[in-house]
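Not measured: the values here are computed from a predicted model. For the numbers below, each heavy atom of this structure counts, side chains included, while hydrogens, waters and symmetry mates do not.
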Amino acid sequence: MLVTPLPGVDRRGLRAALRDLQTSVGNLHSSGLSTAYERLRAYLDWANDAIQTLSYQISAADVDRLVRTKGYETLLLGLGRFAATDDQRVVNGLLQVELEARVSAFEAARDALDRQIERWSTLGRFVVLDTSVYINHPEKFEEMDFARMIGVCEEPIHILVPIVIVDELDGLKQNGRDKVRWRAGYTLAILDRVLQNPTAQARLREQDFSTPRSGGIPRGEITIELVFDQPGHVRLPINDDEIIDRVAAIQPLAGRDITVVTFDTGFSMRARQAGLVAIKLAQSDG
């Protein structure tokens, strides 16, 4: 599972914390403690340390999935009862299951984070277009000059599309005005064609450094990627807030600022308030 870093968290520091906690919970198997109750106390001490360490780095839901599990609650609530029992086998059995599960969960979280860091370690600018850009920009999606839009030239651009925007476009395709319905349907068709594998990055436009000879402006490669909601994620009731929240969650994983582009004043203000780089286009742009 891929954890969600809190805004401002360093992704490599988080990876180190996950590695250290995985190692320490794995070491409880061979701790040399003589009784099951001592091992239980050691596990609960580890869990408390893990909760304190991770609560400042990842979402509460991720902490629950990694540490505050049903097994943890069972062992915590039974602490007094287990202290009085002579049945070491029962306590050891419960501990064994939970310790193995924690090692596997932390290993999976660390591996997922490693893959995401590697995936998003490419050079270039990361950009999220608000739904208003797909609908209202004078140029259609495939024809937009993204470099000019965000004020760069030869730098590669990677467009991230949170899945909530796809859902919003689907709704506009069904219920919008004639022009809005057409632009929403057109954009969805382009996304569907380009993103044949919805879990992989795709090239939207190749780099073009030949144009200066003909009086044009060089442009870097344009790539695009869908960003899906994490399992268990609950969306905010207002789509603008949800998009901004998703971008703020993605930014620590990307290890760089993500630029959001919009035509809407309210969206731009909310994005800046959330600490994002926001570009508000005028209706004549393009």
Side-chain angles (χ1 to χ4, degrees), residues 1-5 11 59 61-62 108-109 111-137 140-144 146-147 149-150 156-174 176 183-206 220-236 238-262 267 271 274 276-279:
M1 84 176 180
L2 181 62
V3 296
T4 303
R11 57 186 185 172
S59 69
D62 288 336
D111 288 347
L113 183 60
D114 283 343
R115 289 193 298 270
Q116 193 63 66
I117 289 174
E118 181 179 1
R119 179 172 180 160
W120 283 352
S121 291
T122 55
L123 298 176
R125 295 283 291 271
F126 279 30
V127 177
V128 172
L129 306 178
D130 175 34
T131 309
S132 65
V133 178
Y134 294 104
I135 297 299
N136 297 321
H137 199 280
K140 294 182 294 184
F141 179 50
E142 276 193 307
E143 300 169 357
M144 293 179 189
F146 302 106
M149 192 184 295
I150 66 171
I157 295 173
H158 187 55
I159 299 172
L160 299 171
V161 186
I163 193 64
V164 61
I165 291 179
V166 176
D167 295 338
E168 197 168 26
L169 289 170
D170 267 323
L172 292 172
K173 182 180 69 173
Q174 301 297 327
R183 285 294 290 265
Y186 161 82
T187 302
L188 289 168
I190 298 301
L191 294 175
D192 189 53
R193 174 172 60 80
V194 173
L195 295 163
Q196 289 291 309
N197 180 356
T199 63
Q201 299 178 2
R203 179 184 290 114
L204 182 66
R205 192 178 304 159
E206 294 184 356
E221 181 184 50
I222 309 291
T223 52
I224 189 168
E225 175 180 0
L226 284 175
V227 182
F228 290 92
D229 294 339
Q230 289 294 97
H233 173 68
V234 178
R235 289 185 179 178
L236 298 174
I238 300 174
N239 279 341
D240 281 359
D241 291 340
E242 173 66 18
I243 295 168
I244 291 167
D245 180 72
R246 291 296 82 211
V247 177
I250 293 167
Q251 193 160 259
L253 288 170
R256 72 195 79 193
D257 287 337
I258 297 177
T259 301
V260 295
V261 185
T262 184
F267 184 96
L276 303 176
V277 177
I279 295 176

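Separating the CD1 atom in Ile157 from the CE atom in Met149 is a distance of 8.5 Å, to the nearest 0.5 Å. Distance check: Thr259 OG1 to Leu160 CG gives 10.5 Å after rounding to the nearest 0.5 Å. For the atom pair CD1 of Ile117 and CZ of Arg11, the computed distance is 5.5 Å after rounding to the nearest 0.5 Å. Note that OG1 of Thr199 and CG of Asn197 are 3.5 Å apart. Values are rounded to the nearest 0.5 Å. Expressed to the nearest 0.5 Å, how far CG of Leu129 lies from CD1 of Ile165 amounts to 7.5 Å. Separating the CG atom in Leu113 from the CD atom in Gln116 is a distance of 8.0 Å, to the nearest 0.5 Å.
Taking 4.5 Å as the limit, some side-chain heavy atom of Val128 sits within range of a side-chain heavy atom of Pro162.
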For this session: Could you walk me through whether Arg256 and Val277 pass side-chain contact (heavy atoms from CB on, under 4.5 Å), step by step?
Result: CA-CA 11 Å; Arg256 72 195 79 193; Val277 177; over 6 Å; no
For this session: Report the C-alpha separation of Asp167 and Glu242 in whole Å, then their side-chain angles, then the decisive distance to 0.1 Å, and conclude whether the side-chain contact (heavy atoms from CB on, under 4.5 Å) test is met.
Result: CA-CA 12 Å; Asp167 295 338; Glu242 173 66 18; over 6 Å; no
For this session: Kindly indicate, with the supporting measurements, whether the criterion side-chain contact (heavy atoms from CB on, under 4.5 Å) is fulfilled by Asp192 and Leu188.
Result: CA-CA 6 Å; Asp192 189 53; Leu188 289 168; over 6 Å; no
Problem set entry | Leu253 and Leu2: CA distance, side-chain angles, deciding distance, side-chain contact (heavy atoms from CB on, under 4.5 Å) verdict | CA-CA 10 Å; Leu253 288 170; Leu2 181 62; 4.0 Å; yes
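Among Glu206, His158, Arg203, the one residue that satisfies the side-chain contact (heavy atoms from CB on, under 4.5 Å) test with Glu221 is Arg203.
The side-chain contact (heavy atoms from CB on, under 4.5 Å) check on Ser132 picks up Asp130, Asn136, Thr262, Phe263, Asp264, with sequence neighbours excluded. When the side-chain contact (heavy atoms from CB on, under 4.5 Å) test is applied to Ala249, the partners found at least two apart in sequence or on another chain are Thr4, Arg246. With sequence neighbours excluded, the residues forming a salt bridge (Lys or Arg N to Asp or Glu O under 4.0 Å) with Asp62 are Arg65, listed by chain and number. Remark: Ala184 engages Ile135, Leu169, Leu172, Lys173 in a side-chain contact (heavy atoms from CB on, under 4.5 Å) (not counting sequence neighbours). In this view, Phe141 and Tyr134, Phe146 satisfy the ring pair (Phe, Tyr, Trp, His ring centres under 6.0 Å) rule, not counting sequence neighbours. For the side-chain contact (heavy atoms from CB on, under 4.5 Å) test, residues two or more places apart in sequence or in another chain that qualify with Glu168 are Thr131, Asn239, Ile243.
In this structure, the side chain of Arg205 engages the main chain of Glu142 through a donor-acceptor pair within 3.5 Å. Side-chain N or O atoms of Gln201 include none that pairs as donor or acceptor with a backbone N or O of Glu225 at under 3.5 Å.
Scanning all heavy atoms of the two residues, the minimum distance from Asp257 to Gln251 falls at CA-OE1, 3.4 Å. For Leu236 against Asp241, the heavy-atom pair with the smallest separation is CD1-O, 3.6 Å. When every heavy atom of Ala274 is checked against every heavy atom of Ile244, the shortest pair comes out as CB-CG2, 3.7 Å. Nearest approach of Gln230 to Val3, heavy atoms of both residues: NE2-N, 4.5 Å. Closest approach of Leu195 to Ala200, counting heavy atoms only: CD2-O, 3.9 Å.
His137 and Glu143 share no donor-acceptor pair across their side chains, judged by distance under 3.5 Å alone.
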